[in-house]
Amino acid sequence: MTASVAPENRRRLRAPKYALALPSIIWYSVFFVAPIAFVVLYSFGTKDTSKLVPVDLTRLSASSYSEVFDETFFTVFRATVRIAITATLLCLLIGLPVAYFAAFKVGERWRAIVLAAVVVPSFTSFLIRTVAWRIPLAPNGTFSKFLQDIGVIGDSGIQILETSLAVQLAIVYNYLGFMILPLYVAFDRIDVRLREASKDLGAGRVATFFSVTLPLAGPGVAAGVLLTFIPMCGDYVTATVLGGAKGNMIGAMIASQFSSAQNWPLGAAMAVLMIGAVLLVLVVGAAIVWLAPWLLAALGPVVQRWRAIQAARHGDRGNQGNQGDQPSRRWGIADSLLHRLLGVWTTLVLIFLFIPVGLVFLHSFNRGNSFTIWSNAVSIKWWGELFDGAVFLQTAVLFAALVTVAVAARRNLKSRAKFGGGYTAWLVPSGFVLALVVNGVLTNWYANLFDFTGIGDSIRNSFVAALGATVIAVILGGTAGVALARRPGRWATAFMVLVFLILVTPEIMDAIALATWFPRIRDVPIVGYIFTEGWGPFSGGMNKLWVGQSLYASAVVTLIVRARLAGLDESLEQAAADLGAPPGRAFRQITLPLIASAMIAGGLLSFALCLDNAVISTLISEAGSTTFPVALLGATRSTIKPFWGVGAISLFVVTMASLWFLVVLLRRGGASAGNIAATLTGN
Amino acid sequence: MTKQLRMLAPESFREHLSRRAFIQGGTAAAGFAVLLTACGSDDAADDASTGGEAATGDYSRVINKASGSLAMYTWGDYNDPDIVGALAESELGVTMKVDYYPSNEDLITKLAAGAGGSGFDIVVPTGPYVPQMIEKGLIQKLDMSLIPNLGNLDAAYVSQTWDPNNEYSVCKNWGSTGFFYDKTKITRKMETWQDFIDACMNEGSGNCAMIDTAPNLCGMWYWSQGKNWNSQDAADLDACEKFLVDEFAQHIKAFDSYPSTKLAEGAYILSMGWNGDLRQAYTRIADAGGNPENWVWVLGTPATELWMDTYCVAAGAPNPEAAHAWINWLLVPEISIKDLQYHGYNTGMKSMDSLIAELAPDLQYGDMIFFSPEQVATFQTQEITPTLDRMVDIMNKVKAKAGA
């Protein structure tokens, strides 16, 4: 019987290898390859501003490319690459000790706290945190005046704003988390026994770190570098907000060709060359990484010899007999010192990560009219503008009451009732949901809550857009990741190239490509209807945002899921198949639980990314679907009022509440705090 | 300090609004009458601009109630938040959604990408860009029967070259370009663009900001030379490029079209800017604990710019009725002046002097909003010519050089 089922299953598995990746392939073909192909085509066109799409495609030439090759482009390009490489290295140097500390030097509880502290700031709007750096750096600001008073700096105050130093600082800040998390995951995965073996075999700490730990963490370093370097190259928001003339970056230059200069051929040509250059830098980087083991191996004997020389010298100088005991005691002292140093370093880095968040909160209570300038007076007027005080209080009281009832009921039932914790565990989450519903009915809170022009709507829009895009990203990334890990082949190489292209393409190019793509597909049956007329949440602006934001996010999820499965062999699925489970069931019961944590992690990461998406969203959003970053990016053109801080904090609270809800659900599933932390980081 | 805050949002004004209760249906006919006379003969306009004392009675105050939401795509911080917020809801009956763009080209790119489906009702292009937008089908013809208050505009601000019959656009406000400096840091007296350029290259080097649009940056050089920035002379363009790229770029700290906040932060000691934004800088500087009296505004001489931003209704606007109602409402003198006090640009109402005297007697820095006829005579309006491409090219080179 079994014998007859198994071959059948084997046959059923013989769908094309890429079958599971098909949704991604279709999605990327329609919303990435085709639109981008048009932009690449534009790069061979000529500028013609009399047309709606200001490119004349009847006369194709490569003149735009020769136009790019002038001094202007290369000056800016060199500056951009310099900033990006420096920032990537700084992120690595700053983040490595933190990840190492979290992975090896602290207990599970503190590990969760450190990781949460790394993640939490990134759930505050990227843009507002960038803007917030203007506060401590302003030459007339409080901090600057303080430094002047104690005589550290001269009369002109801090002169960092509007220089590439400010951009460098903020870019390191903005991407540090994306470096620490992959590093931590990689460290955490290292089998401790390997490190112990290394030490048992006589290698010192330094040698163990360089010849065992670091090479094993290689994939994490690579992931971190990819996740930071690539977006840095295309970043132009940071440069626009902080850089002034000196912080001009290539992303801004390409964007200005598409918008203010309306020279799409030139902009497209620049973007194509930039993609090529970034890929080139990555190839060179990969070559270096590929050579790294040899380099480290070459360094190994040097370290050994250095230690031998040290030991010999010590032996000459010292007259104690017990040579064997001496180094270990010395290392013991060094170890505790190292531990302490790592702790201090981690604390400093975490403080650094929270500085702008704290400033955003503080300045949302600023009485003046400008977010970045502290007026020396506290006021809640900006909060009042976003929230109706009385309604808010009433709601908070009701909400607290309902949650308290739910918690108390759960506690009572748990101690008295005979039925198991399985049912009572649902009480708090369902109480929470009940509270939400009852609130909505009784106070009409949600209608009134964000009752302020633009901002309230934009917060809701951000949330809906990010949620939809995340769902798409998780589905696409999950299936494609499984297909890549389980059904590799020639298609997988081509698909990975596509995923890399999505990651490398500057956002502004995606933005232009999609913005001009939607009108083009208007007449296509069904798809066209969805993007013009639509229905409910699937109407115009919002579903365009889902498409636009899902591209980068799904690529990230794909990589995470693939990495997760790559570490596990297929024996479990094969066993299930041998036991007679049809492929669908094997997927549901075996594969899905295996990749669940990676999908959740990927989902969280993409949610954070989508929530912050400004460039694509700015170009494709419609009047009714303006998101918070889009609105804020618009506001950065002039004066940013403190209510943007209020909006950012509100969005942050809503996001954290949803995450808390997720954690509650996970915990109900029996996961410990440590597991949840590991889940959050994709481990 | 408090006085200045009051200037931007005077408490007394709300009372004004309620006291001067808007009569709705009743004045419609009267409004039409004004409109007809204004359109019909030049005399009416002349009367209006000369007649000071009797002015307020002549205004049309028709408010066409509308409903639903109204999406406006405009320049940063360009309307009084009260008008866009609470007042629009109570007086007009619409909920405003406002988004911002940084340049006319960005506006055009966005509307073109949406191809009639961008969802915006009102857009605010600068005058010379209107023909281009008409040609591309991005804005729609106005229904003048829905804008009876048009007659409240001074004749000087209707029938502009880019839209001779106001078929597509209505003046929102107009302004000019000048510069702003900290006189404790730059002690010499500055009056001309040449002074500004000179200061940027000497005591202000590395501490000065330029408006982030190509025509303005290049225009500065033309004006400093006493030339017309619409000149299509290739030699002029070459000289402009040579000077800006080779000699000037290295001194620029930032390209910033809205420098008011950053001036207050202390990021620049001198900056080029539009009059209304630089006027707001005084408030921001006071906010930051600085002394506004240390700062000086100078209207660029011997020549400078006159720009006019216009309200247009986007093609495919979801709520065109409300869009017309909005344009019409902003022409009600009380609303117009309230808005003017916020953004600091001349809204072009007829008999402006008497309106200000009545509605905004404590208006400060009026010299930054209203210009003398002699000053206006030196203003030049931008024309969209092929040189614009070249100017953008120059701008890019200047940016690259400034960043090096």
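Residue numbers begin at 1 in each chain, while the letters A, B, ... track the order of the sequences.
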My understanding is that only residues two or more places apart in sequence, or in another chain, count here; which of them pass salt bridge (Lys or Arg N to Asp or Glu O under 4.0 Å) with Lys253(B)?
none
Can you tell me if NZ on Lys381(A) sees more than 12 non-hydrogen neighbours from other groups inside 6.0 Å?
yes
Going by side-chain hydrogen bond (donor to acceptor under 3.5 Å, both in side chains), name the residues that satisfy it together with Trp517(A), two or more places apart in sequence or in a different chain.
none
When the 4.5 angstrom heavy-atom criterion is applied to Phe258(A) and chain B, the contacting part is backbone
Please look at Ser257(B) and chain A and tell me whether the side chain, the backbone, both or neither of the residue comes under 4.5 angstrom of a heavy atom of that chain.
neither
Euclidean distance, Gln257(A) CD relative to Asn396(B) CG, rounded to 0.5 Å
4.5 Å
Interface check, chain A: of Asp277(B), Asp106(B), Val392(B), most non-hydrogen pairs under 4.5 Å belong to Asp106(B)
Most heavy-atom pairs under 4.5 Å with chain A, out of Gly137(B), Ala264(B), Ala71(B), belong to Ala264(B)
d(Gln132(B) CD, Ser50(A) OG) to nearest 0.5 Å is 9.0 Å
For Pro139(A) and Gly266(B), the nearest pair of non-hydrogen atoms, with its separation, is CG-O, 3.3 Å
Do other residues, nucleotides or ligands put more than 12 heavy atoms under 6.0 Å from Phe74(A) CZ?
yes
To the nearest 0.5 Å, what is the distance between CZ (Arg134(A)) and OG1 (Thr261(B))?
9.0 Å
Is there a side-chain contact between Ser256(A) and Glu105(B) (heavy atoms, below 4.5 Å)?
no
Hey, could you give me the OH/CG distance between Tyr101(B) and Leu633(A), rounded to the nearest 0.5 Å?
15.5 Å
If you apply the rule side-chain contact (heavy atoms from CB on, under 4.5 Å), what do you find for Asn207(B) with Gln159(A), and how did you get there?
CA-CA 10 Å; Asn207(B) 255 324; Gln159(A) 292 294 332; 4.3 Å; yes
Shorter than 4.5 Å, heavy atoms on both sides: which option in Ile640(A), Leu619(A), Ile158(A) has the most such pairs with chain B?
Leu619(A)
Asp287(B) side chain to Ser375(A) side chain, donor-acceptor N/O pair below 3.5 angstrom
no
What part of Ser144(A) gets closer than 4.5 Å to chain B, counting heavy atoms only: side chain, backbone, both or neither?
neither
With only heavy atoms counted, which part of Tyr268(B) is less than 4.5 Å from chain A, the side chain, the backbone, both or neither?
side chain
Which atom names give the shortest non-hydrogen contact between Arg284(B) and Ser370(A), and what distance separates them?
CD-CB, 4.2 Å
Engaged part of Thr618(A) at the chain B interface, taking heavy atoms whose separation is under 4.5 Å:
backbone
Could you verify whether a donor N or O on one side chain and an acceptor N or O on the other, from Thr639(A) and Gln280(B), lie under 3.5 Å apart?
no
Heavy atoms only: give me the nearest Tyr100(B)-Ala635(A) pair and the separation to one decimal.
CD1-N, 3.9 Å
Quick check for you: to the nearest 0.5 Å, what is the distance between Lys110(B) atom NZ and Ser259(A) atom OG?
12.0 Å
Nearest heavy-atom neighbours spanning Val241(A) and Lys262(B)
O-NZ, 4.4 Å
Per-residue tally against chain A (heavy atom, under 4.5 Å) across Leu107(B), Thr109(B), Asp121(B) peaks at Thr109(B)
Nearest non-hydrogen partners of Ile108(B) and Gln262(A), listed with the distance
CG2-NE2, 3.7 Å
CG (Asp393(B)) and CG (Asn263(A)) are apart, to the nearest 0.5 Å, by 8.5 Å
As an exercise: rank Glu162(A), Lys47(A), Lys51(A), Arg367(A) by heavy-atom pairs under 4.5 Å with chain B and give me the winner.
Glu162(A)
Among Thr372(A), Leu137(A), Thr516(A), Leu161(A), the residue with the most heavy-atom pairs under 4.5 Å to chain B is Thr372(A)
